[in-house]
Engineer: 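Got a structure for you, written out below as structure tokens; questions coming shortly.
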Amino acid sequence: MNETTDLPIRVDHPRRLGTWTIEAQRLDLGPGYKPSLALLPGGELVLVSLDATGDREAGTWTEVMPLRRSLDGGRTWTEPEVADDVIGREQWLTCTSAGVLFSSSHLLERDARNEDGTIHSYLHRSTDGGRTWDRTKLLLTGEARCGEPEEKWTHTSRNVVELPDGTLLYGVSLSDSAVAWMWRSTDEGVTWDRTRRVAIPYYGERPYDNFDGFFGEDFTCLTRGGDLIHWIRCGPPSPMYPMEDGRAVPAGDDGIDRTLVCRSADGGLTWSSLSDFGDYGMHYVRVLRLADGRLLLTYTQRSTFQPLGLRALVSHDDGGTWDFSADRITIEGLTPWGLSQGGGFGNTVQLEDGVLLTCYSYRESPEQTRLELVRWRLP
């Protein structure tokens, strides 16, 4: 039996939400890292996370995807089972309105299943709720690299975007370059049109110059007006990283990375100029449209500001504005001061009765991360 607690969610500077705390029920799912949660059309929940087997130094190290299921709204879960036909790390789930489940990932060089000698990505597809998977290797080659050297990695979007007519969009790019493609599918991801080159925007007067590809460690949200909002991760030594606001620029590991945002009105082929979003140490953006039309955005707070963990904002105007000065929600802040961030990472789904389920991981000790799921309602 998994342990439950009722540690509430905190709201900083409440205005429109009208409360300083939100009731919550938390379920401990045991050891794990960087979860992702999907709600299938029939109400079944699927949760995946990151684990590894073998010895990294001996070259037998393999990252795997444990998968859990719930049939009662997330109150109880099956024991995790490793999906053997899924490859790579940091699996991210997208479920279409037709119930097709996608999982994106990337495969590190030292993973024992990497036969290509370079980091690249995979898109997995399941039509039976994640019981079996097909996968597509994403390794840009030949003319698709646009002259960039072979050692640059192929990165992809975290999520698949579904348009109102059922068309699917999926971003593919090269690391440390301005090469990006918007893949498009009209048959639920069985086949993809890979011919649409993306014009990557500038940051002010500066061209895109970032080790993370334009589609990589990112998230894309469709507005009701039909625009796409796209958040990307940016870290040093990118010249786009310093905010140039008079403060010292943070130094340290990749926990200091921050987020930039842009917008597209033509299906992701061209974009508005990149602009700042939030502050240092804020990334891993995820967005859910709530039943009442509001947008709930979660992000991971790493480094620079306490507490470390998963936070949230609400947009009342279809993503036009996000206010970091009011109604900032701390879903969890369990990683102790002095430890490196243990994930956050997770996303939120909404059940038919309006209950929100949010998953995340946190660092319990220097050697151990844990998974939790929280049930709550947004005022």
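Along the sequence shown, residues are numbered consecutively beginning with 1.
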Engineer: Kindly indicate whether the side chain of Cys359, heavy atoms from C-beta on, has any atom under 4.5 Å from the side chain of Asn347.
Structural biologist: yes
Engineer: Measuring centre to centre across the rings, with the benzene-like ring taken for any Trp, is Tyr284 within less than 6.0 Å of Tyr299?
Structural biologist: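 Not under 6.0 Å, so no.
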Engineer: Are Phe345 and Val287 co-members of a hydrophobic cluster defined by side-chain heavy atoms under 4.5 Å apart?
Structural biologist: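 Yes, because Val287 and Phe345 connect within a single hydrophobic cluster, where side-chain heavy atoms sit under 4.5 Å apart.
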Engineer: Which atom names give the shortest non-hydrogen contact between Gly319 and Leu295, and what distance separates them?
Structural biologist: N-CD1, 3.5 Å
Engineer: Linking I/L/V/M/F/W/Y whenever their side-chain heavy atoms sit closer than 4.5 Å, directly or via other members, would Val172 and Tyr208 fall into one cluster?
Structural biologist: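 No, Val172 does not connect to Tyr208 through the hydrophobic network.
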Engineer: Do Thr94 and Asn159 have side-chain N/O donor and acceptor atoms under 3.5 Å apart?
Structural biologist: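 Side chains of Thr94 and Asn159: no pair found under 3.5 Å.
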Engineer: Does the distance from a Lys or Arg side-chain N to an Asp or Glu carboxylate O, for Arg224 and Asp318, drop under 4.0 Å?
Structural biologist: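 Asp318 and Arg224: not salt-bridged.
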Engineer: CG of Asn210 to CG of Leu260: how many Å apart, nearest 0.5 Å?
Structural biologist: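 Nearest 0.5 Å value for the CG-CG distance: 7.5 Å.
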Engineer: When you check the gap from the basic side-chain N to the acidic O, do Asp279 and Arg247 get nearer than 4.0 Å?
Structural biologist: yes
Engineer: Counting only N and O atoms by type, is there a donor-acceptor contact under 3.5 Å from the side chain of Arg302 to the main-chain atoms of Tyr280?
Structural biologist: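 Absent.
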Engineer: Hey, quick one: are Val198 and Tyr203 part of the same hydrophobic cluster, counting side-chain heavy atoms closer than 4.5 Å, chains of contacts allowed?
Structural biologist: yes
Engineer: Do we get Arg26 above Trp376's six-membered ring, with its NZ or CZ under 6.0 Å from the centre and within 45° of the axis?
Structural biologist: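 Not satisfied by the 6.0 Å and 45° rule.
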Engineer: Give the cluster check for Val160 versus Trp92: same hydrophobic cluster or not, with ILVMFWY residues linked at side-chain heavy-atom distances below 4.5 Å.
Structural biologist: no
Engineer: Please report the closest heavy-atom contact between Ile256 and Pro250, naming both atoms and the distance.
Structural biologist: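 Minimum heavy-atom contact is CD1-O, 3.5 Å.
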Engineer: A side-chain contact here means heavy atoms from C-beta on lying under 4.5 Å apart; do Arg158 and Glu217 qualify?
Structural biologist: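 Contact flag for Arg158/Glu217 side chains = yes.
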Engineer: I'd like to know if Asp276 pairs up with Arg258 as an ion pair, taking the criterion as any Lys NZ or Arg NE/NH1/NH2 lying under 4.0 Å from an Asp or Glu carboxylate oxygen.
Structural biologist: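 Here Asp276 pairs with Arg258 in a salt bridge, since their nearest N and O are under 4.0 Å apart.
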Engineer: Test side chain to side chain donor-acceptor pair (under 3.5 Å) on Ser126 and Asp128 and set out the steps.
Structural biologist: CA-CA 6 Å; Ser126 175; Asp128 58 6; 2.8 Å; yes
Engineer: Whether Arg89 and Asp111 form a salt bridge (side-chain N of Lys/Arg under 4.0 Å from carboxylate O of Asp/Glu) is what I want to check.
Structural biologist: no
Engineer: Taking all atoms of both residues into account, what is the closest heavy-atom pair of His124 and Asp85, and its distance?
Structural biologist: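 Between these two residues, the closest heavy atoms are CD2-O, 3.9 Å.
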Engineer: Can you tell me how far CH2 of Trp322 sits from CH2 of Trp231, rounded to the nearest 0.5 angstrom?
Structural biologist: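 Between atom CH2 of Trp231 and atom CH2 of Trp322 there are 5.0 Å.
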Engineer: Would you say that more than 12 heavy atoms from the other residues, nucleotides or ligands in this model lie under 6.0 Å from the CZ of Arg16, or not?
Structural biologist: no
Engineer: Quick check on Gln368: does its CD atom have over 12 non-hydrogen neighbours (other residues, nucleotides or ligands) under 6.0 Å away?
Structural biologist: yes
Engineer: Among Ile87, Thr136, Thr154, Thr156, exactly one meets side chain to side chain contact (heavy atoms under 4.5 Å, CB included) together with Tyr122. Which residue is that?
Structural biologist: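 So the option named by the test is Ile87.
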Engineer: Using a strict cut-off of less than 4.0 Å between a Lys/Arg side-chain nitrogen and an Asp/Glu carboxylate oxygen, indicate whether Arg233 and Asp254 qualify as a salt bridge.
Structural biologist: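 Salt bridge between Arg233 and Asp254, a charged N being under 4.0 Å from a carboxylate O: yes.
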Engineer: CD/Gln341 to NE2/His283 distance, rounded to the nearest 0.5 angstrom?
Structural biologist: 8.0 Å
Engineer: Determine yes or no for a side-chain-to-main-chain donor-acceptor pair under 3.5 angstrom, with Asp116 supplying the side chain and Thr118 the backbone.
Structural biologist: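 Looks like no, no N/O pair under 3.5 Å.
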Engineer: Ring centroids only, cut at 6.0 angstrom: are His230 and Trp271 within range, meaning strictly under it?
Structural biologist: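 Distance test on ring centres: under 6.0 Å, yes.
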Engineer: Assess whether a salt bridge exists between Arg370 and Glu332, defined as any Lys/Arg side-chain N lying under 4.0 Å from an Asp/Glu carboxylate O.
Structural biologist: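 Between Glu332 and Arg370 there is no salt bridge, as every charged N stays at least 4.0 Å from the carboxylate O atoms.
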Engineer: Heavy-atom count check: over 12 atoms from other residues, nucleotides or ligands less than 6.0 Å from Arg110 CZ?
Structural biologist: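 Not more than 12 within 6.0 Å, no.
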Engineer: Can you tell me how far the CG atom of Asp209 sits from the CD1 atom of Ile200, to the nearest 0.5 Å?
Structural biologist: 11.0 Å
Engineer: Would a 4.5 Å heavy-atom cut-off, applied to side chains only, mark Thr19 and Pro14 as touching?
Structural biologist: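 No. Closest side-chain heavy atoms not under 4.5 Å.
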Engineer: What pair of heavy atoms forms the shortest contact from Val86 to Gln91, and how long is it?
Structural biologist: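 So the minimum-distance heavy-atom pair works out to CG1-NE2, 3.1 Å.
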Engineer: Checking salt bridge (Lys or Arg N to Asp or Glu O under 4.0 Å) for the pair Arg68/Glu79: CA distance, chi angles, key distance, verdict?
Structural biologist: CA-CA 6 Å; Arg68 298 167 169 84; Glu79 290 298 313; over 6 Å; no
Engineer: Go through the structure and list residues passing side chain to side chain contact (heavy atoms under 4.5 Å, CB included) with Ser70, not counting sequence neighbours.
Structural biologist: Leu45, Asp72, Trp77
Engineer: Give a yes or no on whether a salt bridge exists between Arg263 and Asp227, defined as a side-chain N under 4.0 angstrom from a carboxylate O.
Structural biologist: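 Here Arg263 pairs with Asp227 in a salt bridge, since their nearest N and O are under 4.0 Å apart.
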Engineer: Distance check, rounded to the nearest 0.5 Å: Leu108 atom CG versus Thr62 atom OG1?
Structural biologist: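 Going from CG on Leu108 over to OG1 on Thr62, the span is 11.0 Å.
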Engineer: Of all the heavy-atom pairs spanning Met65 and Ser103, show the shortest one and how long it is.
Structural biologist: SD-OG, 4.0 Å
Engineer: Are Val11 and Ile22 close enough that some pair of their side-chain heavy atoms sits under 4.5 Å apart?
Structural biologist: yes
Engineer: For the atom pair CD (Glu148) and OG (Ser173), what is the distance rounded to the nearest 0.5 Å?
Structural biologist: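 Output value for this atom pair is 11.0 Å.
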Engineer: Assess the residue pair Asp323 and Thr321 against the criterion (side chain to side chain donor-acceptor pair (under 3.5 Å)); give the C-alpha distance rounded to whole Å, side-chain angles, the decisive distance to 0.1 Å, and a yes or no.
Structural biologist: CA-CA 6 Å; Asp323 188 357; Thr321 57; over 6 Å; no
Engineer: Can you tell if the side chain of Phe102 reaches within under 4.5 Å of the side chain of Thr96, non-hydrogen atoms only?
Structural biologist: yes
Engineer: Same hydrophobic cluster for Ile329 and Leu7, using side-chain heavy-atom links shorter than 4.5 Å among ILVMFWY?
Structural biologist: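 Same hydrophobic cluster.
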Engineer: With distance as the sole test, does Arg15 use its side chain to make a donor-acceptor pair with the main-chain N or O of Gly18 at under 3.5 Å?
Structural biologist: no
Engineer: Between Arg145 and Glu151, which heavy-atom pair has the shortest distance, and what is it?
Structural biologist: NH2-N, 4.3 Å
Engineer: Just wondering, more than 12 heavy atoms not from Glu109 lying within 6.0 Å of its CD?
Structural biologist: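 Result for CD/Glu109: enclosed.
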Engineer: Report yes if the side chains of Leu296 and Thr348 come closer than 4.5 Å at any heavy-atom pair, otherwise no.
Structural biologist: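 Leu296 reaches Thr348 side chain to side chain.
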Engineer: Main chain of Pro307, side chain of Arg311: is a donor-acceptor contact present, judged purely on distance under 3.5 Å?
Structural biologist: yes
Engineer: Do Leu351 and Arg375 have side chains that get closer than 4.5 Å, going by heavy atoms?
Structural biologist: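 Yes, at least one pair of side-chain atoms sits under 4.5 Å.
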Engineer: According to side-chain hydrogen bond (donor to acceptor under 3.5 Å, both in side chains), who are the partners of Ser238, at least two apart in sequence or on a separate chain?
Structural biologist: none
Engineer: Quick one: are the ring centres of Phe215 and Tyr170 less than 6.0 Å apart?
Structural biologist: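 Centroid separation for Phe215 and Tyr170: 6.0 Å or greater.
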Engineer: Does CG in Asp245 sit with more than 12 non-hydrogen atoms of other residues, nucleotides or ligands closer than 6.0 Å?
Structural biologist: yes
Engineer: Is there a side-chain contact between Tyr362 and Leu310 in this structure, where contact means two heavy atoms from C-beta onward sitting under 4.5 Å apart?
Structural biologist: no
Engineer: Is the distance between the ring centroids of His155 and Phe214 less than 6.0 Å?
Structural biologist: no
Engineer: Is the distance between the ring centroids of Phe324 and Phe277 under 6.0 Å?
Structural biologist: yes
